[in-house]
Amino acid sequence: MYPSLKKMMDFARVQKELQECSKDIEASGIRVTPKADNLSHLLGTIPGPVATPYEGGTFQIDITLPDGYPFEPPKMQFATKVWHPNISSQSGAICLDILKDQWSPALTLKTALLSVQALLSAPQPDDPQDAVVAQQYLRDYQTFAGTARYWTETFAKTSSLGVEEKVQKLVEMGFPEAQVRSSLEAVGWDENLALEKLCSG
């Protein structure tokens with residue numbers, strides 16, 4: 001009779017989960033914050049696990065909650081670029097069973113993010129999301145680890161978040177990305193000087 005009631009997201013539960021997460025930030029380093037006033041679009045943050053190529057990085061994950069949450073899994077994808085067999089290097093899509101058929105309403109956003117963090121520590125190259133990365137992981141681990149470390153340094157270090165924003169801003173003005181990056185590098189990442197350089201170049 002009221003079909004819409006079945007699909008209503010449990011906002012009280014989501015708020016409770018956000019509170020639980022913020023209580024424990026110091027210990028876990030895992031943070032979940034609303035992206036806007038809307039509780040169905042959140043931003044998760046996880047620290048790169050120690051003793052992995054991701055150590056020292058801070059990874060942001062876009063979280064979209066479906067109307068059926070918590071009976072349907074949250075949709076998560078990396079907003080920070082990451083080099084990993086189970087994460088698309090292009091789109092940030094994550095291949096993880098609990099985000100698909102192994103989801104249970106007993107799980108929370110925090111347990112899902114902890115599972116994503118554990119995936120960074122223990123890749124599963126036999127069930128890849130990114131076949132190129134998985135091949136490299138299996139055939140040439142040293143190169144894989146070096147590339148993953150480089151991507152962590154470039155995209156997941158706090159200072160580099162600003163770098164990506166600067167690149168994005170100048171690309172949106174209509175300059176080609178490769179040119180934007182080389183101009184920013186040439187002027188020490190000062191976007192005003194880079195803009196002058198691009199305009200005069």
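Throughout, numbering of the chain's residues begins at 1 and tracks the sequence.
The shortest distance between side-chain heavy atoms of Val14 and Asp10 does not fall below 4.5 Å. Side chains of Val32 and Leu113 form a contact here, defined as non-hydrogen atoms less than 4.5 Å apart. The shortest side-chain heavy-atom distance between Asp140 and Gln135 does not fall under the 4.5 Å cut-off. Proximity of Gln179 to Leu198: side-chain heavy atoms (C-beta onward) are separated by under 4.5 Å at one or more points. Side-chain atoms of Ile94 and Leu119, non-hydrogen and from C-beta on, do get closer than 4.5 Å to each other. Counting only heavy atoms from C-beta outward, the side chains of Ile61 and Leu43 never approach each other to under 4.5 Å. Side-chain atoms of Thr45 and Ile30, non-hydrogen and from C-beta on, never get closer than 4.5 Å to each other. Taking 4.5 Å as the limit, some side-chain heavy atom of Glu196 sits within range of a side-chain heavy atom of Leu193.
In this structure, Leu138 CG and Asp126 CG are separated by 6.0 Å, a value rounded to the nearest 0.5 Å. Residue Cys199 holds its SG atom at 8.0 Å from CE of Met173, rounded to the nearest 0.5 Å. We find the CZ-CG distance between Phe11 and Leu65 to be 8.5 Å, quoted to the nearest 0.5 Å. Ser115 OG to Leu99 CG: the interatomic distance, rounded to the nearest 0.5 Å, is 7.5 Å. Distance check, rounded to the nearest 0.5 Å: OG of Ser104 to CD1 of Ile98 gives 9.5 Å. Atom CG in Leu18 sits 12.0 Å away from atom CZ in Arg31 (nearest 0.5 Å).
A salt bridge links Glu177 to Arg181: at least one charged side-chain nitrogen sits closer than 4.0 Å to a carboxylate oxygen.
Side-chain atoms of Gln60 do not come within 3.5 Å of backbone N or O of Phe78 as any donor-acceptor pair. Without hydrogens or angle criteria, Gln117 side chain to Pro47 main chain gives a donor-acceptor distance under 3.5 Å. Side-chain N or O atoms of Thr152 include one that pairs as donor or acceptor with a backbone N or O of Pro53 at under 3.5 Å. His84 places no side-chain N or O within 3.5 Å of a backbone atom of Val133 that could act as its donor or acceptor partner. Under a 3.5 Å cut-off, the side chain of Glu17 and the backbone N or O of Leu109 do form a donor-acceptor pair. A donor-acceptor contact shorter than 3.5 Å is absent between the side chain of Asn86 and the backbone of Cys95. The backbone N or O of Ala194 sits nowhere less than 3.5 Å from a side-chain atom of Ser183 that would complete a donor-acceptor pair. With hydrogens and angles disregarded, a donor-acceptor distance shorter than 3.5 Å links the side chain of Thr52 to the backbone of Pro49.
For Tyr137, the ring-ring contact (aromatic ring centres under 6.0 Å, His included) test picks out Tyr141, Phe144, with sequence neighbours left out.
Residues Gln129 and Ala93 come closest through the heavy atom pair CG-O, 3.4 Å. Closest non-hydrogen pair, Phe155 versus Thr80, comes out as O-CG2, 3.4 Å. The two atoms that bring Ala112 and Trp103 nearest to each other are CB-CZ3, 4.3 Å, heavy atoms only. Taking both residues in full, the closest heavy atoms of Ile63 and Gly44 are given as CD1-N, 3.7 Å, listed atom of the first, atom of the second, then distance. Contact between Cys21 and Lys110 at its shortest, heavy atoms only, is SG-CB, 3.6 Å.
At a cut-off of 3.5 Å, with distance as the only test, a side-chain donor of Asp130 or Ser89 sits close to an acceptor on the other residue.
For residues 51-64, the pairs satisfying salt bridge (charged side-chain N to carboxylate O under 4.0 Å, His left out) are Lys35-Asp62, with sequence neighbours left out.
Taking the six-membered ring where the residue is Trp, Tyr54 and Phe59 present perpendicular rings, their angle passing 60° and hence far from 30°.
Other residues, nucleotides and ligands place more than 12 heavy atoms under 6.0 Å from the NZ atom of Lys81.
Checking Lys16, Glu20, Arg13 one by one against Thr108, the side-chain contact (heavy atoms from CB on, under 4.5 Å) holds for a single residue, Arg13.
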